[in-house]
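Comments concern the structure below.
Order of the sequence lines sets the chain letters (A, B, ...), proteins ahead of strands, with each chain counted from 1.
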Protein chains: 2
Amino acid sequence: MAPSYRYTETSKSSSASTMFPDHEHDHGKCVSSAMQRAEDLCAERSVRLTDIRRQVLELVWQSHNPVGAYDLLDNLHGIGKRAQPPTVYRALEFLMDQGLIHRIESLNAYIGCRDPGEDHAGQFLICRDCGAAAELVDKRIDAAIGQGAKAAGFSVEHPTVELEGVCANCRPEHKGTKHG
Amino acid sequence: MAPSYRYTETSKSSSASTMFPDHEHDHGKCVSSAMQRAEDLCAERSVRLTDIRRQVLELVWQSHNPVGAYDLLDNLHGIGKRAQPPTVYRALEFLMDQGLIHRIESLNAYIGCRDPGEDHAGQFLICRDCGAAAELVDKRIDAAIGQGAKAAGFSVEHPTVELEGVCANCRPEHKGTKHG
DNA sequence: GTAAATATGTTATAACATAACATTTCAATT
DNA sequence: AATTGAAATGTTATGTTATAACATATTTAC
Ligand SMILES: [Zn+2]
Ligand SMILES: [Zn+2]
Ligand SMILES: [Zn+2]
Ligand SMILES: [Zn+2]
């Protein structure tokens, strides 16, 4: 049986890898594997993936679009009354500390990490049309940044690379191809 | 007479150019040349650099540290009562449209553009110690980003590259050298 | 001068985030 | 199983950043 993941991957480059979600991919798999990975990592690290944290992570993974803290809050269902902002912000902080999500600075929003456990700075492709964001891992970008900074005598500790544009799914050429 | 600009420029790379402000540089020159450039560009483009816009631009240029909208607002001196947020946000929008300033997404703050008129995406080195930000123009970073995105079938329209770290002035090695 | 376009004033509110302190839950130790 | 200290969550209030909507004033073109 073929794998359920279906990503558009145009791998002309050997140093870059991308995962822009295809419109018809099996998203349930994205969610379940991300959740399982989180459970495993947290167990391994002896940190607690509590109900709230688990719920927030699952909500973040509801789509491949970065999601805002207050959207999460709206969908966080406590038994009784509505949760308050600190609840979700604390969960987000935990998840970022554990590398399970990334914050998209240019959107004030959060997205699941495609490869937690691997310590890395996120690089993102953000489609201004469909709103999806894909995490890029491109060594050449890292290398170019490292060199550019070094030439300025600057040591980079936390790079933010967020590339807004149009994804393959939303490109005019591809628009008519097939898609529903 | 030697030029009054004094920047730390370690030009090992031919494709990158940087301007991290030296601690003792003649900042009055930074301001006056930025203001003159703005006057010229606006005249050339037949857009109005009004009192408010001029004042906001000058405030942005008060330092090489990105500055928040409400800080600007606090220092915007109308004759009578205090200005309101839309006043400063409109001025910022104008200045960004004209390429005279950049917005630093990771700080929700604004900084003067070192080369307005040249249409470009900003790349920034932001010192987490002194707070200064320097605009980097590095073709290799642009190229690497373009290639990485292309490999993913993604067309970049608005790249955000903000590199937080420690600048040469604030590096421990350089700290004792001399500096006041 | 009149009209249209541009810029600013003004009021209100939306959207994003954290400080401070009380209470509960958890896990280790006795 | 009670004690206890640490970690997590609840709760209230407030801080910070940004925009919507509509009124007024200023500039420019005719
Ligand atoms: Zn998916
Ligand atoms: Zn990641
Ligand atoms: Zn610039
Ligand atoms: Zn510094």
Where each residue is assigned the nucleotide of DNA chain C containing its nearest heavy atom, which of Asp71(A) and Arg48(A) is assigned the position nearer the 5′ end? Asp71(A)

Arg54(B) CZ to dA7(C) P, in whole Å, measures 13 Å

Could you measure the distance from the CD atom of Glu164(A) to the OG1 atom of Thr160(B)? Nearest 0.5 Å is fine. 7.5 Å

Would you tell me whether Ser106(A) and Glu162(A) have side-chain atoms, one donor and one acceptor, within less than 3.5 Å of each other? yes

Of all the heavy-atom pairs spanning Gly117(A) and Leu41(A), show the shortest one and how long it is. N-CD1, 3.8 Å

Checking the side chain of Asp138(B) only, and the main-chain atoms of Ile145(A) only, is there a donor and an acceptor separated by less than 3.5 Å? no

Can you list the steps and then say if Gln84(A) with Leu73(A) is a side-chain contact (heavy atoms from CB on, under 4.5 Å)? CA-CA 7 Å; Gln84(A) 296 302 309; Leu73(A) 196 50; 5.9 Å; no

By the ring pair (Phe, Tyr, Trp, His ring centres under 6.0 Å) test, which pairs, at least two apart or in different chains, include something from residues 132-168 of chain A? Phe154(A)-Phe20(B)

Does Ala109(B) or Thr50(A) map to a spot on DNA chain D nearer the 5' end, using the closest nucleotide for each? Thr50(A)

Check this for me, if you would: do Arg54(B) and Asp51(B) make a salt bridge, where the nitrogen-to-carboxylate-oxygen distance has to be below 4.0 angstrom? yes

Hey, are Asp40(B) and Arg37(B) close enough for a salt bridge, meaning a charged N less than 4.0 Å from a carboxylate O? no

Checking side-chain polar atoms at under 3.5 Å, does Asp142(B) have a donor or acceptor matched by the opposite partner on Gln123(B)? yes

Taking only residues at least two apart or on different chains, which pairs with a member in residues 124-153 of chain B satisfy ring pair (Phe, Tyr, Trp, His ring centres under 6.0 Å)? His102(B)-Phe124(B)

Could you list by number each residue of residues 99-108 of chain B showing a heavy-atom separation from DNA chain D of less than 4.0 Å, or answer none if no residue does? Arg103(B), Asn108(B)

Those residues of residues 85-92 of chain A lying under 4.0 Å from DNA chain D by at least one heavy atom: Pro86(A), Thr87(A), Arg90(A)

What is the distance, rounded to the nearest whole Å, between atom OH of Tyr70(A) and atom P of dA17(C)? 8 Å

In this structure, how many angstroms lie between the P atom of dT23(C) and the CD atom of Gln84(A), rounded? 17 Å

Restricting to side-chain hydrogen bond (donor to acceptor under 3.5 Å, both in side chains), what partner residues turn up for Arg90(A), sequence neighbours left out? none

Positional range of nucleotides in DNA chain D within the contact set of chain A, heavy-atom, under 4.0 Å: dA7(D) to dT12(D)

